[in-house]
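Order of the sequence lines sets the chain letters (A, B, ...), proteins ahead of strands, with each chain counted from 1.
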Number of protein chains: 2
Amino acid sequence: MIYIDVKDSRPIYEQIVEKTRMLILRGVIRKDEKLPSVRNMAVELSINPNTIQRAYGELERLGYIYTVKGKGNFASGKESLLMEYRKELLDKITQTSELAFSIGVTEKELTEAVLAAEGRA
Amino acid sequence: MIYIDVKDSRPIYEQIVEKTRMLILRGVIRKDEKLPSVRNMAVELSINPNTIQRAYGELERLGYIYTVKGKGNFASGKESLLMEYRKELLDKITQTSELAFSIGVTEKELTEAVLAAEGRA
DNA sequence: ACAGGTGTATTAACTGTAATAATACACATA
DNA sequence: TATGTGTATTATTACAGTTAATACACCTGT
């Protein structure tokens, strides 16, 4: 379901949060679907259970999952999450564009950079 | 010339690199213009000289400044730097757009996010 | 030559974060 | 009752960032 990129400088728990987040947002993991248990995922990824727990704690704090003690962690399926993430990405586009404009990049170049992504996705 | 944002989670030396970089790219610091000395800037920002030195070391490695022992650090004014940074920003736009497309954001929304920045810059 | 400003290098120490390891406890379910 | 689940705690290791204190070499104005 998830793999750790050793070349990625970000902490392991953060990588897990980010990848799980995308799996939920893309609908690969559906509402109320169970995620791998802390201990299972720890074995699969060959890392410490505490690190998984930390990632799950973050995901719960962000509202992506909910926990049932004795049973496991499940995707919340909250609808607001997708909208929040869309806004996050659009804000990032605006911020980067602002920086680009400030050093002379044209609107045409920026829209072309957007279109370059459309083909790949 | 530069200030440190204590709320910024990034390391101090990295903030200095990024801000100095922008000052050079925007032409605020001109070719062969002298940057504040290691000790001076350390006093101004109330941080350790070693931290400034690390930032200047990075800037030199990136080609933004050159060092003359006994005299100081100076902006290189290399022309390629601007083009490299433009490419960096455009790549970031493409990457973020790709992610956005993958969760259903439309081309229209993205171009609007670009345009939103044009007014501010 | 000298003083003062410059970059550079080194070593030690402190702090915070990430990650591991080893346990223990509480809850759910077959 | 046994097993799988989340949760909590403590200790330890490793590393990055930062500070501190020095020391050395170079440049320049007096």
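Taking atom CG of B/Leu59 as the reference point, atom P of C/dG7 lies 13 Å away to the nearest angstrom. Rounded to whole Å, the distance from NZ on A/Lys34 to C1' on D/dG6 is 10 Å. In this structure, CD1 of B/Ile52 is placed 9 Å from P of D/dT19, rounded to the nearest angstrom. Atom-to-atom, CD of A/Gln53 to P of D/dA8 comes out at 7 Å; the value is rounded to the nearest Å. Look at CG on A/Leu35: it is 16 Å from C1' on D/dG4, rounded to the nearest Å. Atom P of nucleotide D/dC27 and atom CZ of B/Phe74 are separated by 12 Å, given to the nearest angstrom. Put simply, CG on B/Leu45 is 14 Å from C1' on D/dT18, counting in whole angstrom units. Rounded to an integer number of Å, the gap from CE of B/Met41 to P of C/dG5 is 18 Å.
You'll find that the side chain of A/Asn48 is closest to C/dA21, out of C/dA21, C/dA9, C/dA18. Side-chain atoms of B/Ile12 lie closest to D/dT18 of the nucleotides D/dG6, D/dT19, D/dT18. With D/dG6, C/dT8, D/dA20 as the choices, the nucleotide that has an atom nearest any side-chain atom of A/Asn73 turns out to be D/dG6.
Regarding contacts with the backbone of C/dG7, every side-chain N or O of B/Thr67 stays at 4.0 angstrom or more from both OP1 and OP2. One finds a side-chain N or O of A/Arg54 lying less than 4.0 angstrom from the OP1 or OP2 phosphate oxygen of C/dA18. A sub-4.0 Å separation between OP1 or OP2 of C/dA18 and a side-chain N or O of A/Tyr13 is present. A/Tyr56 has no side-chain polar atom (N or O) that falls below the 4.0 Å cut-off from OP1 or OP2 of D/dG6. Put simply, B/Thr51 has a side-chain N or O that comes within less than 4.0 Å of OP1 or OP2 on D/dT19.
Nearest-nucleotide assignment on DNA chain C puts the 5′-proximal partner with B/Val38, out of A/Lys71 and B/Val38. Toward the 5' end of DNA chain C, the nearer of the two residues A/Lys69 and B/Asn50, judged by each one's closest nucleotide, is B/Asn50.
Put simply, the side chain of B/Arg39 and the base of C/dG7 share a donor and an acceptor less than 3.5 Å apart.
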